[in-house]
Amino acid sequence: MHKKFDSSAIEKKWQEIWEEEGIYNVGARDTSKEKEYVLIEFPYPSGNLHIGHWYTYAVPDIYVRYQRMNGKQVLFPMGFDAFGLPAENAAIKRGLDPKGWTNDNIAYMKNQLKSMGNAFSWDKTTSSTDPEYYKWTQWMFTQFFENGIAYRGKGVVNWCPGCNTVIANEQVVAGKDGDECERCGHKIEKKEMPQWMLKITEYADRLVDDLDEIDWPEHIKEAQRQWIGRSKGAEIDFKLNLPTYSGQVLFASNNKGKLARMRKLVAETSLDITLISLEEAGITDTEVVEDENDLALNAKKKALHFAKQTDLPVLADDTGFFVAGEELDPVTVKRNALAGIDEKTLTIEEVGEKMVVYYAEIAKKHGGEVEAEWKNALCLVMDGQVYMSEGVRPVILTDEAVGNYDPYLPVRALYKAKATGKHALTHNEEEELMELQPITDAIERVFEPKVTVFTTRPDTLYGATYMVLAPEHALVEKNKDRIENWSEVEAYIKQTKQKDEQDRLDNTKEKTGVKLEGIMATNPASGEEIPVYIADYVLGGYGTGAIMAVPAHDERDFAFSYKYKISKPKEVINIQKEINEKVLNRGNGVGVVHWDPEMIQITDLNTGKILGFKYRLGDVSCHTCYGKLINSAEFDGMNSEEAKLAITEKVGGRMTNTYRLRDWSIGRQRYWGVPIPIVYDSSGKAHVVPKEHLPWTLPEDVDFTPTGEPPLAKSEALKKRTEEIFGKGWTPEVETMDTFVDSSWYFLRYLDNKNDDELSSLERQKEWMPIDLYFGGAEHTTMHLLYSRFWQKALYDLELVTEKEPYKRRVNRGLILGPDGNKMSKSKGNVIDPDEQVARVGADTVKMYLAFMGPYEGANYPFDLGGIAGIRRFLERVYGLDDHVKDEEDEKTTKLLHKTIKKVREDIENYKFNTAISAMMVFVNHTEKSGLTKDSYLAFLRLMAPFAPHVTDELWRPEGKGQSVHIDSYPVADEKLMVDDEVTLGVQINGKLRGQVTISPTASEEEARKAVESNEDLQKHLADKEIVKFIYVPKRIVNIVVK
RNA sequence: GCCGAGGUGGUGGAAUCGGUAGACACGAAGGACUUAAAAUCCUUUGCCUAUUUAUACGGCGUGCGGGUUCAAUUCCCGCCCUCGGCACCA
C-alpha cells in the first residue's frame, strides 16, 4: 500500500462537499420513489456527544443509506429535545441563562453530529425549545383541555425534595428505604396538590388492543401490556347495614322541567330526600364536556364534576342512567327497550334515530302525525316519514323498511311540518311510555347503602366470607359515628398514611388490618352477613378501593383470614381435571408471621399446563384454580368462565376492566419547560390562552433558586402580560410541562417544520406517516413509547393526524459499555470520548466498529480499543484495494462478490450489521490475493458505501463521473452468478465426521456413494463394515450407518 | 416468586426450516522486514492425549443431567447460573 490513508482530511473534505451539494436534504416528497421514514430518538443537548449517541445515530445511518441507494426517498431527520433539568441546574449552580446555555450546546453538538457524516435530513430539523415548536405543543394542550383530555386533577403526588418538583409515578424507582427519584435519588415524599393531568387511562384499551396492529418485537409489546395492566373483572355491590341517606341531594341540572319531573319521580320512592338544582346550590361552574357516544359516561361525568363542588350527594342522569356520586346504575327504561335501544353500544345519533322511529310507530297507531323533541334535534313524522334537524341524519320510514337516507330533506321538511302544525307528543304521553317503576327502583338503588368491589373472580362470589376496604375509602371516615372501635380504626388509618405505596405493597411484611365493628355487609349472592375490615394491602387508587375476600381461592385472603381467624375458607370451585400436585418450597412470604403453609403447584396431567397453586395448613386449604362451581346454589356444576358472567348478572354487577396505568401528570414546578397555556379569571376558573396569543412564551425575568414555589410565579413580566391581555385580576398558570410532552409529537413537526398555520399539515402526514422504523433505547419502552402513542391517538380523535399508530416498526438497541464491561461513568474512569476516537481513527472506523460489535438489536457490548484498530486496518486495506484491480478475475471471485452482495443485503435488513461487515472482510481477504476487475471493485465500493460513506466516496468519485456514490444504486446479486458447480460435503460415519468429499451440488445419491467409496481415508473406516444405511442430503451432508 | 432475554474458545461474536461448531475480528505465540521499535506481511491458535515438533490419527467439546434422531448449539423434559423487567393489582 503506497497511498497514505488520511482519514481526517478525507472526512472533512467530503462532509463539506456533501453539505454544499445538499445531497441529504429531502425537500418535497418525490412520489416517483417509495417513501421510508426512519426515526431515531432526538438527543437532549447536554453539551457533548458521547459514544452512546454514536451508537444511536451512526449505526442506523447504515440502514438509511442502504434504503436511499435502493431508490427510496428516505426521511432521516434530527433535532433536539432541549427542555429539561440540566439547563435549569446550570442556571442555579453557575448563574447561566438556560436559553443561552441550551443554544450554545445545540450549536456545538450540531457540529459534532456533522462529524459523524450521517445522511441526516437537516432541512427538516427542529428543536422543542424553539417558540415555533412549543407554540404547537401549547396549542395541542389547549385542544386537549377543551376536549376533556387535559384536566386539573387533585391528588397525592410524588414530591421530590431534590428536584423540588413533582415527578410521575413512572419516574419513581424503588430505593433501599422507600421510593427514590429516578433522576436525583432523593427519597420521595407524598404530597397532595392540584395537578395538570392527561387522561391516558381513557385510552388504555386502545393502547393495548392496537398493539396487535403494529410490527414490534413481542417483548416490547408485552412490556407495554404489563405496564397498562388491564384486568378483566366485575364490579359488584355489597349492601351495608347502614341507614339510607336522607336530606338534600344535588340534582345535576338547571333544567326546571327536568327537575320538576325528577322531583315527581323521587316522591314515588320511599326515599326521604329533597332535590335541589345547581342554581339553588349556588354552583356556577356548570360546563361539563360530554362524550357524544357514551351515555353512561356522560351521567358519570356530570356526577363527578359536581361532586367536587359540593358535600351533598349528587344525582345525575342521562337517558336511562342514574348516578349518585361515582356509582353508576343503568336502567333500561321501557321506552328505550321498546325502541330497541341498547345503551352500551349505540351512539347518540343512533339512539335518536331509533327513538324517532319508535315515535313514528306510535303516531301511525294513532293514525296521526306526531311532532316530538328529542335532545337537540327536532324530529317529526309525516306521512309515515320521519325527519330530524341539526345535522342528524333523517330517517325515512316506509311500510317495509327503515333505513334509506336523504341528506337534503331535514331543513325543508322541518318548515313544512311546522306549517302543518300537527299534534305534538306531550310530556304526559311520553311518561306513559316510560313506565315509572324501573326508574324509581333505580333511584332507590342508587341511594342504597352499599360498597362496590372490583374482582377478577366473580365466579367465587359465593365463597366471599368477608370484605376488605382500603383505609382511605371514603365510606370509612363518613361512618365514623357508627364504627364502634373508631379510635382503633383511626389509629390504623393514621399509621397507613405514613407508609408510602412501596411499603404497603411489600410482600415480605406482615399483613395488617382492623375490623370495622358495627358494620356488616351482605354477600349479594348467598345473602349471608359478612364482616368488613380495613387493611393497607388494599389500595385506594386501584379498582374500587374495596375487595371481596375469598379465603378458599385467594392466597392473600387466605393469609389474612387465617391471621385474624375470620372464617373458615368456603370452597366454591372444584377442580375436575386430571391433575398433578407438586409440593414446592415451604413458606412463600405472603406476609403473615408464623404462617408457613405447604405450597403445591397444580398441573393438568394431560396438557402439562399450570392450573394454579394450592396452600395447605392443617385442615384448611386454598387453591387458585378455575374449575366447576360447588356450594353456589343454582350455579353448581357451571364452569368458572361461564359463571363469571352469570353470577355478575344475577347480582346486578357490571363486567368491567380496571388498569394499573394511571393518568399522566404533566405539570412541573420548573422553569425550563413549555409554559402551560392556561390563565385564571378572578374567580379562579381556568381558561386556555387563545391561539392568537401563542406561543405563550417563557418569561426571562425569573429567579431560579428553588424555594418550593414555581419559578414562573416570580415573573412580573408574565403577570403583566396576563393582565394586559385578559384584564385585571387574571393570573397565569405558573407550571411548565413534562418534557415527555415535547417528545410525544416531534416526529410530526419534522415533516412540516416551517408551517406557521398548523402543527403539521395532513398533506405532509399523508406523504410520510407512519414512521416505518423507529430505532431507540430499551429505557423508553414503557414511558416515551407509550406516551407518544397516546398523544397520537388523542390527536387522531381530534382529526389532527392521519394515523392511529405512529410507529410501524421498532428496534431497541443495547448499551455500549466501557472497556472493562461496566456501564461508562466518569467515576469509573472508563468513558470513551467519541471525538478522541474520531480524531485517532476516523468517523468511518468508529461507525463501522460500533456496527461490528454484535447484532444491533438487544445486547450490550464493551468498547474494545483493540477491536476498533482492527476495523481501521480493514479500511486501510480497502483504501489500497485498487492496487489489486486487473482486467480479468476468476470465476470464484465473481461468485464470491455476488454471494457477498446477497449476504450484506439480507443482514442490513435484519439489523445484523456485524455479519454484513464480516462478509465484506472475507471478500477483501480473498481479492487481495486473487485480484478483481474494475466492475467488481466498483460494485464493492457501492456495497460498502453505507458503512464507510467518506472513504467510499473518496474512492468512487474519480470513477463515477464526479457523482457521489451515495446517490448511486445499491448492487444487486445475480443469482445465476452464484451457482456453485461443486460443493464439499462432510462425511459422517455413525454420526462422527470422518472425512470430506467434493461433488456436484446436483449429484445423485449414487454419485455421492461413488465419491465416498473412492476416498481412501473414508475407505479405512468402512473396511470390514456392513453399510446399514446411507444418508445423503444434497449440498449438506453424507452420513453412513455401519455395523 | 412471576414474566422476558440469554449461557458457544483467552475476548466480542458466527453458525439455529437439525446437517462439516468456532465465520469475521481482537488478543496471544512464532517468523519476515528493520540498527532497533512501530507499522506492515506470513504462519499458528477450542481443549486433551500420543509421538518423530511435523503431521496425520484418536478422544472430548456449545451451562449441567436425561430424551428424540442416521445426525442436536438448534427440538423435548428436568435442573443450575447471568442479565433485564414486575412485584400483595383484588
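A, B, ... follow the sequence lines: proteins, then strands. Residue 1 opens every chain.
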Examine [N]: is either OP1 or OP2 under 4.0 Å from a nitrogen or oxygen in the side chain of [X]? Give yes or no.
| X | N | result |
| --- | --- | --- |
| A:R873 | B:C41 | no |
| A:N860 | B:G84 | no |
| A:T456 | B:C89 | no |
| A:N914 | B:G12 | no |
| A:R556 | B:C89 | yes |
| A:K912 | B:C24 | no |
| A:R660 | B:A87 | yes |

Query raised in the report: Under 30°, 30 to 60°, or over 60°: which ring-plane class applies to A:F560 and A:Y533, parallel, tilted or perpendicular?
Result: perpendicular
**Report entry** Aromatic plane relationship, A:H780 with A:H784 - under 30° parallel, 30 to 60° tilted, over 60° perpendicular
**Finding:** perpendicular
Requested in this report: Assign each of A:G866 and A:Q226 to its nearest nucleotide of RNA chain B by heavy atoms, then name whichever residue's nucleotide is nearer the 5' end.
Outcome: A:Q226
Query raised in the report: Which residue lies toward the 5' end of RNA chain B, A:G986 or A:D907, if each is placed at its nearest nucleotide?
Result: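 Of the two residues, A:D907 wins.
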In terms of side-chain geometry, is the basic nitrogen of [X] or [Y] positioned less than 4.0 Å from the acidic oxygen of its partner?
| X | Y | value |
| --- | --- | --- |
| A:E857 | A:R813 | no |
| A:K903 | A:E906 | no |
| A:E555 | A:K614 | no |
| A:D237 | A:R654 | yes |
| A:D554 | A:R457 | no |
| A:R225 | A:E222 | yes |

Name the nucleic acid region contacted by [X], choosing base, sugar-phosphate or nothing; use a 4.0 angstrom heavy-atom cut-off, strictly under.
| X | value |
| --- | --- |
| A:D557 | nothing |
| A:Q996 | base |
| A:G229 | nothing |
| A:K221 | nothing |
| A:T984 | base |
| A:R225 | nothing |
| A:Y542 | base |
| A:F852 | base |

[atom1] of [X] versus [atom2] of [N]: gap in Å, rounded?
| X | N | atom1 | atom2 | result |
| --- | --- | --- | --- | --- |
| A:L993 | B:A72 | CG | P | 13 Å |
| A:K903 | B:A23 | NZ | P | 14 Å |
| A:Y849 | B:G12 | OH | P | 11 Å |
| A:I220 | B:G85 | CD1 | C1' | 13 Å |

For atom [atom1], what is the distance between [N] and [M], given to the nearest Å?
| N | M | atom1 | result |
| --- | --- | --- | --- |
| B:U44 | B:A25 | P | 14 Å |
| B:U53 | B:A36 | C1' | 31 Å |
| B:U69 | B:C64 | P | 23 Å |
| B:G12 | B:G63 | P | 14 Å |
| B:G85 | B:U49 | C1' | 48 Å |
| B:A32 | B:A54 | P | 15 Å |
| B:U16 | B:C24 | P | 16 Å |
| B:U74 | B:G18 | P | 11 Å |

Interface polar pairs with nucleotides 66-70 of chain B, N/O, under 3.5 angstrom:
{"from": "B:C70", "atom 1": "O2'", "to": "A:N1039", "atom 2": "ND2", "distance (Å)": "3.2"}
{"from": "B:C70", "atom 1": "O2", "to": "A:N1039", "atom 2": "ND2", "distance (Å)": "2.6"}

Consider the side chain of [X], meaning its heavy atoms from C-beta on, and name the nucleotide among [options] that approaches it most closely.
| X | options | value |
| --- | --- | --- |
| A:S918 | B:A23, B:C17, B:A25 | B:A23 |
| A:Y861 | B:G13, B:C26, B:G4 | B:G13 |
| A:F454 | B:A90, B:G19, B:A25 | B:A90 |
| A:K992 | B:C60, B:G12, B:G58 | B:C60 |

**Report entry** Heavy-atom side-chain proximity of A:H553 to A:E571 below 4.5 angstrom
**Finding:** yes
**Report entry** Distance flag, aromatic centroids of A:F863 and A:Y849, threshold under 6.0 Å
**Finding:** yes
Query - Chi-angle category of B:G9 [syn within 90° of 0, anti beyond] - result: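 Base orientation relative to the sugar is syn.
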